[in-house]
Amino acid sequence: MQPATNRSEPRLSRPQQVAEAMKLWVMEEGCQPGDRLPSEAELMERFSMAKGTIREAIRILEAQGLVRSRTGPGGGVFVHRVSEERAAALLGNYFYFQHLSIDDIYQIREALEPEMAASLTGRLSPEQIGQLEAVLAGYAVPARTAEEERQQHVDSLRFHALLAEMSGNPLLRFLIRFIANMLSQITVQRRLYEPLNPELWSSGMAYQARLLEALQGEDPEEVRRILREHMANAHRLMRLQEAAVTPRFLPEDQLL
């Protein structure tokens, strides 16, 4: 009797199988961005596949951003580092169909951001503090128009994205920046800046100013507490602005 199979697991096509094998080979060989892959003839021999299959596998890897082809003298197929912008845009495409809510987003923000900020207590350089202060200065006065309100929403999220960038943890940085970018796009697409919300501005400014001061101290629990309160308050106010998230693709050229 044949063993039972899981029909829910899609079978990879031959080019997909070769693409996966190529990725494994690149890891095993310790290839770095910019390294040239073997020639097409060598790949055909290495993976025992026809030219068409090898070429399709390369196209799959190019679509994933993992290799890049160059023509002409010195050309070939080269290992490529996927940019954070490309990765965020692809992940944003996935969430386009997930119908996320404000609650979904803030559940993650409330879990990650206080711990990330607490880890930075007393570690930020004067230059980094200055960068955060410069972002705060961009929305130091309440908005007078809907356009100003829109920009202030985006800038306030940029503050958190910049803080995540300073964390030094590439995974945490990516997750928090991605979530901030998603929320920024939601704010713009759903026009969550209308009508003007002075309470959201004033409370956000107050919490961020307190957070910046606490980050320069030596008490991570105080930093954690301030950001938890900030996230809970922003969550409440954003829910009042809009209960659901409208799906939207995340453009690569509009990331924070």
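Position 1 is the first residue of the sequence, and the numbers go up from there. Quick caveat, the model's predicted, so the values are computed rather than measured.
Taking all atoms of both residues into account, the shortest heavy-atom contact from Ser203 to Asn233 is OG-ND2, 2.9 Å. When all heavy atoms of Pro33 and Arg81 are compared, the closest pair comes out as CG-NH2, 3.6 Å. Listed here is the closest heavy atom pair of Ala180 and Ala161: CB-CB, 4.3 Å. Residue Ala117 comes nearest to Leu227 through the heavy atom pair CB-CD2, 3.4 Å, listed as atom of the first residue, atom of the second, then distance. Nearest heavy atoms, Ala234 versus Tyr106: CB-OH, 3.7 Å. Scanning both residues, Ser156 and His153, for their nearest heavy atoms gives OG-O, 2.8 Å.
With a 6.0 Å radius and a threshold of 12 heavy atoms from other residues, nucleotides or ligands, Arg86 has its CZ atom above the threshold. Heavy atoms from other residues, nucleotides or ligands lying under 6.0 Å from CD of Glu29 number more than 12. Enclosure of atom CD in Glu213 is not indicated, since only 12 or fewer non-hydrogen atoms of other residues, nucleotides or ligands lie within 6.0 angstrom.
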For Met238 and Leu200, what are the C-alpha separation, side-chain angles and deciding distance, and is it a side-chain contact (heavy atoms from CB on, under 4.5 Å)?
CA-CA 8 Å; Met238 290 294 287; Leu200 184 60; 4.2 Å; yes
Please walk me through it: do Glu165 and Ile176 pass side-chain contact (heavy atoms from CB on, under 4.5 Å)?
CA-CA 9 Å; Glu165 188 174 339; Ile176 292 176; over 6 Å; no
Please assess Thr145 against Leu196 for the test side-chain contact (heavy atoms from CB on, under 4.5 Å), listing each intermediate value before the final yes or no.
CA-CA 8 Å; Thr145 66; Leu196 302 186; over 6 Å; no
From CA spacing to verdict: side-chain contact (heavy atoms from CB on, under 4.5 Å), His230, Glu113
CA-CA 10 Å; His230 179 25; Glu113 295 199 32; over 6 Å; no
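Contact annotation: the side chain of Gln64 never approaches that of Val82 to less than 4.5 Å [non-hydrogen atoms, C-beta and beyond]. Leu91 has its side chain within reach of Phe174: a pair of non-hydrogen atoms, C-beta onward, lies under 4.5 Å apart. Using a 4.5 Å heavy-atom cutoff, the side chains of Arg225 and Arg228 are not in contact. Between Met22 and Ile58 the shortest side-chain heavy-atom distance falls below 4.5 Å. Under the 4.5 Å side-chain criterion, counting only non-hydrogen atoms from C-beta, Leu163 is in contact with Leu215. Counting only heavy atoms from C-beta outward, the side chains of Arg36 and Arg70 never approach each other to under 4.5 Å. In this structure, the side chains of Ile54 and Lys51 stay at 4.5 Å or more apart for every pair of heavy atoms. The shortest distance between side-chain heavy atoms of Met44 and Thr53 does not fall below 4.5 Å.
The main-chain N or O of Ser101 is found under 3.5 Å from a side-chain atom of Asp104 such that the two form a donor-acceptor pair. No donor-acceptor pair under 3.5 Å is formed between the side chain of Glu218 and the backbone N or O of Gly122. In terms of modelled atom types and a separation under 3.5 Å, the side chain of Trp201 and the main chain of Tyr139 share a donor-acceptor contact. Put simply, the side chain of Gln216 never gets that close to the backbone of Leu124: no donor and acceptor are under 3.5 Å apart.
In this structure, Phe178 and Phe95 have tilted ring planes: the angle between them lies in the 30° to 60° band.
To the nearest 0.5 angstrom, Glu28 atom CD is 4.0 Å from Leu24 atom CG. For the atom pair CD (Gln131) and CE (Met166), the distance works out to 4.5 Å, reported to the nearest 0.5 Å. Rounded to the nearest 0.5 Å, atoms CZ (Arg11) and CZ (Arg14) are 10.0 Å apart. Here Ile226 contributes atom CD1 and Glu221 contributes atom CD; the two are 10.5 Å apart, rounded to the nearest 0.5 Å. Considering CD of Glu20 and CG of Leu61, their distance stands at 8.0 Å, rounded to 0.5 Å. The structure places CG of Leu37 at 10.5 Å from CD of Glu42, a figure rounded to the nearest 0.5 Å.
Tyr207 and Arg210 share no side-chain donor-acceptor pair at under 3.5 Å. If you check the side chains of Ser184 and Asn181, you find no donor sitting under 3.5 Å from an acceptor. Judged purely by distance below 3.5 Å, without hydrogens or angles, the side chains of Gln208 and His160 pair a donor atom with an acceptor atom.
Residues Leu12 and Val26 fall into different hydrophobic clusters, defined by Ile, Leu, Val, Met, Phe, Trp and Tyr side chains chained together at heavy-atom separations under 4.5 Å. When the side chains of ILVMFWY residues are joined at heavy-atom separations under 4.5 Å, either directly or via intervening members, Val135 and Val141 end up in two distinct hydrophobic clusters. Connection of Met231 to Val223 is established within a shared hydrophobic cluster, with ILVMFWY side chains joined at heavy-atom distances below 4.5 Å, either directly or through further cluster members. Phe78 and Val67 fall into different hydrophobic clusters, where Ile, Leu, Val, Met, Phe, Trp and Tyr are joined by side-chain heavy atoms under 4.5 Å apart, directly or via other members. Note on Ile179 and Tyr94: same hydrophobic cluster, where clusters join Ile, Leu, Val, Met, Phe, Trp and Tyr whose side-chain heavy atoms are under 4.5 Å apart, directly or indirectly.
Remark: of the listed residues Glu229, Glu110, Glu199, Glu199 is the sole one forming a salt bridge (charged side-chain N to carboxylate O under 4.0 Å, His left out) with Arg236.
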